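Every value quoted in this text rests on a predicted model; they were computed, and no experiment measured them.
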Amino acid sequence: MTVLEGDRPIGFIGYSSLLLRRSLPLSARVDQVMLPVPRLHEDMKVTNAVEELMSAGVKSAPVVRNEKMVGVLSRIDLIKLVAGANQPVREVMTGTPQSVRPDEGIRRAEILMKNLMETTLPVIDEKEKIVGAISMSEVLDVGWNTNGKPMNLIAGRDREAPDVKVSGVMNDTPVTISLDDTLGTAARTMLDRDIATVFVEEAGKLVGVISQADLM
């Protein structure tokens, strides 16, 4: 989400800005949490806009005209440009991705996502077969749903939060593609399913992961 001062963008708040904070009371003001955001000019080249987004590590940024916000450019907008790409997934994916197992606690999943600055992790069994996916939103939901109290996990008070097993909150229908699929297939899958990460499998086993950032 873009933070505005009048019509002028001055920062953004997203999962990444929240994950960087180890102490975050719900009463915190926006200006205490927001991160700097690149401002894209409406007449700049798309390739330059991609460089700005990637260097800033953000998924979207405001587009300005005379310093005033007139729109937003996101990774979703950009990966539409590669929906017809025929390059094999295996050439771009991240191999041997970090993962968690169903019987592990969600605290480990939370720590991995924070360290990787990712919001989704694959869940695999003892045979390396992908059996699910867990996202940061599911981890945060545990904090909200326990006794009706706010999210202790993101506030940095991990000892107060229950260490629920991954299997209890994970999505057991992960979205996967094969090594032989193309980047176009990966892009269309992300667009159709409204997701930022697709897992790559071979013979049922997790062999890689490809994200919107990889496509960019």
Q: Leu35 and Val64: same hydrophobic cluster, using ILVMFWY side-chain contacts below 4.5 Å?
A: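 Cluster IDs for Leu35 and Val64 differ.
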
Q: Any side-chain heavy atom of Met93 within less than 4.5 Å of one from Asp214?
A: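 When only atoms from C-beta onward are counted, Asp214 and Met93 do not touch, as no gap falls below 4.5 Å.
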
Q: Please, which pairs that meet side-chain hydrogen bond (donor to acceptor under 3.5 Å, both in side chains) have at least one residue in residues 40-50, sequence neighbours excluded?
A: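 Only Glu42-Arg65 qualify under side-chain hydrogen bond (donor to acceptor under 3.5 Å, both in side chains).
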
Q: Looking at CG of Asp172 and CD1 of Ile134, how far apart are the two atoms once the value is rounded to the nearest 0.5 Å?
A: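 The CD1 atom of Ile134 is 12.5 Å from CG of Asp172, to the nearest 0.5 Å.
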
Q: Answer whether the closest heavy-atom distance between the side chains of Met190 and Leu215 falls below 4.5 Å.
A: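 Met190 reaches Leu215 side chain to side chain.
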
Q: Over all heavy atoms of both residues, which pair between Met34 and Gly11 is shortest? Give the atoms and the distance, please.
A: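 What the structure gives for the nearest pair is SD-CA, 4.2 Å.
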
Q: Would you say Val58 and Met69 are hydrophobically clustered, going by side-chain heavy atoms of ILVMFWY under 4.5 Å?
A: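 No, it is not one cluster - the side chains of Val58 and Met69 are not joined through contacts under 4.5 Å.
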
Q: Would you please name every residue forming a side-chain contact (heavy atoms from CB on, under 4.5 Å) with Leu81, sequence neighbours left out?
A: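 So Leu81 forms a side-chain contact (heavy atoms from CB on, under 4.5 Å) with Val46, Leu78.
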
Q: One pair to check against side chain to side chain contact (heavy atoms under 4.5 Å, CB included): Met44 and Glu52. What are the steps and the verdict?
A: CA-CA 11 Å; Met44 74 188 307; Glu52 290 284 345; 4.1 Å; yes

Q: For the atom pair CG (Asp7) and CD (Glu67), what is the distance rounded to the nearest 0.5 Å?
A: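 Rounded to the nearest 0.5 Å, the CG-CD separation comes to 11.5 Å.
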
Q: Mind checking whether Pro102 and Val131 have side chains closer than 4.5 Å, heavy atoms only?
A: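 Yes, side chains in contact.
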
Q: Which atoms form the tightest heavy-atom contact between Pro62 and Pro9, and what is the distance?
A: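 It is CG-CB, 3.5 Å.
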
Q: Can you find a heavy atom in the side chain of Val139 that is under 4.5 Å from one in the side chain of Val169?
A: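 No; the side chains remain at least 4.5 Å from each other.
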
Q: For the atom pair CD1 (Ile79) and CE (Met216), what is the distance rounded to the nearest 0.5 Å?
A: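 Atom-to-atom, Ile79:CD1 and Met216:CE are 9.5 Å apart.
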
Q: Which atom pair, heavy atoms only, marks the closest approach of Ala186 to Ile210?
A: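 Looking at all heavy atoms of both residues, the shortest contact is CB-CG2, 4.2 Å.
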
Q: Going only through I, L, V, M, F, W and Y residues with side-chain contacts under 4.5 Å, is there a path from Leu121 to Ile124?
A: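 No, separate clusters.
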
Q: Any pair with a residue in residues 191-204 that passes side-chain hydrogen bond (donor to acceptor under 3.5 Å, both in side chains), sequence neighbours left out, goes on the list, sorted by first then second residue, please.
A: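 side-chain hydrogen bond (donor to acceptor under 3.5 Å, both in side chains) check on residues 191-204 returns Thr176-Glu201.
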
Q: Does CG belonging to Asp103 count more than 12 external heavy atoms closer than 6.0 Å?
A: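 Yes.
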
Q: Working to the nearest 0.5 Å, report the span between CZ of Arg90 and CG of Leu179.
A: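 Atom-to-atom, Arg90:CZ and Leu179:CG are 4.5 Å apart.
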
Q: May I ask you to decide if Ser74's main-chain N or O and Asp77's side chain share a donor-acceptor pair within less than 3.5 Å?
A: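 Present.
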
Q: Under 4.5 Å between any side-chain heavy atoms of Ile195 and Gln212, yes or no?
A: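 Not touching, per the 4.5 Å side-chain cut-off.
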
Q: About how many Å separate CD1 of Ile106 and CD of Glu104, when rounded to the nearest 0.5 Å?
A: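 One finds 12.5 Å between CD of Glu104 and CD1 of Ile106.
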
Q: Can you name the closest pair of heavy atoms from Lys129 and Gly204 and give their distance?
A: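 For Lys129 versus Gly204, the nearest heavy atoms are CG-O, 3.2 Å.
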
Q: side-chain contact (heavy atoms from CB on, under 4.5 Å) with Leu183: which of Glu91, Arg188, Gln87?
A: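 So the option named by the test is Gln87.
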
Q: At their closest point, which heavy atom of Thr185 faces which heavy atom of Ile177, and how far apart are they?
A: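 Closest pair (atom of Thr185, atom of Ile177, distance): CG2-CG2, 4.4 Å.
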
Q: Quick one: are Val166 and Arg101 in side-chain contact, heavy atoms under 4.5 Å?
A: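 With C-beta onward as the side chain, the pair stays apart.
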
Q: Please report the interatomic distance CD(Gln98) to CG(Leu112), rounded to the nearest 0.5 Å.
A: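 Answer for the CD-CG pair, Gln98 versus Leu112, is 5.5 Å.
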
Q: Pro97 and Leu206: which non-hydrogen atoms are nearest, and at how many Å?
A: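 In this case the closest contact between Pro97 and Leu206 is CG-CD2, 3.7 Å.
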
Q: Okay, side chain of Asp125, backbone of Lys127: is any donor-acceptor separation there less than 3.5 Å?
A: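 The answer is yes, because a donor-acceptor pair under 3.5 Å joins these two groups.
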
